[in-house]
Amino acid sequence: MKDLSYYKEIIKEKLSKKRFEHSLRVAETALEMAKSRGLDEEQVHLAALLHDYAKDLPSDELLRIGRKKGIILYKAEEVQPDLLHGPVGAWLLKQELEITDEAVLQAIRYHTTGHYPMTELDKIIYLADLLEPGRTYEGIASLRAICAENIDKGLLFAFDSTLRYVLERKMLIHPLTVEARNWLLLQLHDNFNDE
Ligand SMILES: [Fe+2]
Ligand SMILES: [Fe+2]
């Protein structure tokens, strides 16, 4: 693997200034969250830095690559192609930058929808994307506070907020978000019952 400054340059070229700066803040946030959780720092840094690799591609390009490479698995992705920037990004990173670390690719693939079972790396990338200091939306203060206490509870809060947002706007629900949310809820119940 090349060093991180190489990937940082690639992302700087590839993305708008705004999105590049978002990627840097996601990396800082993810590294902070990963501290004392025993995660591989290099994996966290790389996944965070590259997570939006395909985010600036236009919808028709996301759909074209998605269709051609068999990446589209859900109707929601056809209708809301932005949902493809994770899976298409992971595919492109493997082809174009020769990223082969499946743990890193997986965290990138599912950073918008979630999936199950989620690794600690998947959770950190998903949440750091929502929590980085440049983000402003209703509920972020609550999400920050819950995450500071318990990452899994924060993740559940994030899934619930996302589902609520999607429902209120009559958008299609991505089935993986439902699966991820149900899986996490059961995990939390199991942990609770074990206490
Ligand atoms: Fe993204
Ligand atoms: Fe992002």
Side-chain angles (χ1 to χ4, degrees), residues 4 7-34 39 43-63 65-66 71-74 76-94 96-97 99 101 103-115 118-140 143-144 147 151 154-155 157-159 161-163 165-166 169 171-177 180-181:
L4 284 158
Y7 295 110
K8 202 184 272 186
E9 274 311 304
I10 299 242
I11 284 296
K12 193 176 179 182
E13 291 297 310
K14 187 103 186 157
L15 300 180
S16 67
K17 186 168 183 281
K18 188 173 140 239
R19 190 106 43 215
F20 170 63
E21 286 168 0
H22 160 72
S23 304
L24 296 183
R25 290 192 300 266
V26 172
E28 268 173 44
T29 307
L31 285 167
E32 185 61 38
M33 290 175 81
L39 295 182
Q43 279 184 327
V44 173
H45 203 157
L46 190 63
L49 201 55
L50 299 180
H51 80 283
D52 272 343
Y53 186 73
K55 181 75 178 172
D56 281 347
L57 291 182
S59 292
D60 57 353
E61 183 66 0
L62 288 170
L63 283 169
I65 299 170
I71 295 169
I72 302 176
L73 301 176
Y74 298 92
E77 297 167 346
E78 289 266 2
V79 178
Q80 290 139 216
D82 183 56
L83 289 170
L84 284 168
H85 81 272
V88 167
W91 187 85
L92 288 173
L93 285 163
K94 199 170 182 176
E96 295 177 355
L97 301 193
I99 304 287
D101 186 337
V104 168
L105 293 175
Q106 176 174 295
I108 294 171
R109 189 175 297 128
Y110 299 114
H111 83 266
T112 315
T113 58
H115 75 124
M118 278 172 100
T119 63
E120 290 293 297
L121 179 63
D122 298 341
K123 293 175 189 175
I124 297 279
I125 300 302
Y126 184 96
L127 285 171
D129 188 26
L130 296 176
L131 287 174
E132 62 95 344
R135 292 278 204 187
T136 49
Y137 51 86
E138 215 190 305
I140 191 168
L143 179 60
R144 284 214 172 97
C147 280
I151 279 194
L155 192 57
F157 181 87
F159 286 146
S161 306
T162 301
L163 289 167
Y165 180 93
V166 167
R169 283 159 187 77
M171 291 158 75
L172 291 187
I173 297 173
H174 198 294
L176 279 184
T177 309
R181 187 259 182 195

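Each ligand, and each atom within it, is numbered from 1 in the order the structure gives. As the structure is a computational prediction, the values presented were derived from the model and not from experiment.
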On the ring face of Tyr165, is Arg169 found with NZ or CZ under 6.0 Å from the centre and within 45° of the axis?
-> yes

When the ring centroid of His22 is compared with that of His51, is the distance short of 6.0 Å?
-> yes

Quick one: salt bridge (Lys or Arg N to Asp or Glu O under 4.0 Å) partners of Asp101, sequence neighbours excluded?
-> none

Sequence neighbours excluded, the answer for side chain to side chain donor-acceptor pair (under 3.5 Å) partners of His115 is Asp122

For Leu62 and Leu84, work out which heavy atoms get closest and say how close.
-> O-CD1, 3.8 Å

Got a sec, which residues hit side chain to side chain contact (heavy atoms under 4.5 Å, CB included) with Ser16, two or more places apart in sequence or on another chain?
-> Lys18, Arg19, Asp56

Just the protein N/O/S atoms under 2.8 Å from the Fe ion (ligand 2), please, no waters.
-> His22 NE2, His51 NE2, Asp52 OD2, Asp129 OD1

